[in-house]
Amino acid sequence: WPLRPGEHYYGAFSKNRAELFQYYHPQAMLTFEGAQVSGRDAISQKLTSLPFQQVQHVVTTVDVQPVPACDGAIIVQILGQLKTDNDPPHGFVQVFTIFPINGNHLIVNDMFRLVLHNA
């Protein structure tokens with residue numbers, strides 16, 4: 001996957017979220033902070049409508065596992081910090097399932113959560 005897990009994806013996320021659609025399978029699913037959307041177009045709409053202008057991801061760890069019985073498919077878990085606009089940094093975790101399809105590696109599942117704890 002051209003991600004060097006996270007590098008290209010988060011670069012596009014920071015510069016132009018409208019470009020992210022290219023990383024997703026047409027029938028992909030996204031769960032973003034508990035809200036589920038399905039389909040590349042709906043995912044693109046969700047990501048481009050997020051209420052911040054500037055965003056920076058700092059990746060702390062990346063864990064990758066092959067998906068058994070799915071030749072070339074992987075699960076990627078990314079842990080890091082996210083900084084948006086003038087907000088303080090927050091921890092985040094994101095999990096991708098990536099399948100090789102027609103010579104491309106595409107996200108079929110994406111789950112994102114901020115790591116927030118209620119005091």
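Listed by chain and residue number, Arg40 satisfy the side-chain contact (heavy atoms from CB on, under 4.5 Å) test with Pro26 (two or more places apart in sequence, or in another chain). With sequence neighbours left out, the ring-ring contact (aromatic ring centres under 6.0 Å, His included) criterion links His57 to Tyr10, Phe13, Phe92. Thr31 pairs by the side chain to side chain donor-acceptor pair (under 3.5 Å) definition with Gln36, not counting sequence neighbours. Under the side-chain contact (heavy atoms from CB on, under 4.5 Å) criterion, Asp85 pairs with Phe52, Gln53, Gln54, not counting sequence neighbours. For Thr84, the side chain to side chain donor-acceptor pair (under 3.5 Å) partners are Asp87, not counting sequence neighbours. Looking at residues two or more places apart in sequence or on another chain, you find a side-chain contact (heavy atoms from CB on, under 4.5 Å) between Thr48 and Arg17, Ala18, Ser44.
Remark: Met111 CE to Leu30 CG distance equals 10.0 Å, nearest 0.5 Å. Here CD of Glu33 is found 9.0 Å from NZ of Lys46. Values are rounded to the nearest 0.5 Å. Remark: Tyr9 OH to Ile107 CD1 distance equals 5.5 Å, nearest 0.5 Å.
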- request: Please lay out, stage by stage, how Gln94 and Gln77 fare under the test side chain to side chain contact (heavy atoms under 4.5 Å, CB included).
  value: CA-CA 6 Å; Gln94 190 160 17; Gln77 176 180 271; over 6 Å; no
- prompt: Are Val62 and Val76 close enough, and set up right, to give a side chain to side chain contact (heavy atoms under 4.5 Å, CB included), and what steps lead you there?
  reply: CA-CA 7 Å; Val62 177; Val76 179; 4.0 Å; yes
task: Go through the steps to decide whether Tyr24 and Val108 satisfy the test side chain to side chain contact (heavy atoms under 4.5 Å, CB included), and finish with yes or no.
output: CA-CA 6 Å; Tyr24 290 89; Val108 294; over 6 Å; no
Per-pair distances, 0.1 Å, donor-acceptor, side chain in residues 63-72, under 3.5 Å, sequence neighbours excluded:
none

Only distances under 3.5 Å count here; give the side-chain donor-acceptor pairs of residues 96-104 to other protein atoms, sequence neighbours excluded, each with its distance to 0.1 Å.
none

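Every pair tested for ring-ring contact (aromatic ring centres under 6.0 Å, His included) that includes a residue from residues 59-91 fails, sequence neighbours excluded, so the list is empty.
A 4.5 Å side-chain heavy-atom check between Phe112 and Leu82 finds at least one atom pair inside the cut-off.
With a 4.5 Å cut-off between side-chain heavy atoms of Ile, Leu, Val, Met, Phe, Trp and Tyr, the cluster of Phe21 takes in none.
The backbone N or O of Asn16 lies less than 3.5 Å from no partner atom in the side chain of Glu19, so there is not a single donor-acceptor pair.
Met29 and Leu106 are assigned to two separate hydrophobic clusters, defined by single-linkage of ILVMFWY side chains at heavy-atom distances under 4.5 Å. Leu116 is connected to Phe32 through a chain of hydrophobic side-chain contacts under 4.5 Å among Ile, Leu, Val, Met, Phe, Trp and Tyr, so both are in one cluster. Hydrophobic clustering of Ile, Leu, Val, Met, Phe, Trp and Tyr side chains at less than 4.5 Å, counting indirect connections, unites Val37 with Leu50.
Ser14 and Val55 make their closest contact through OG-O, 3.0 Å (heavy atoms, listed as atom of the first residue, atom of the second, distance).
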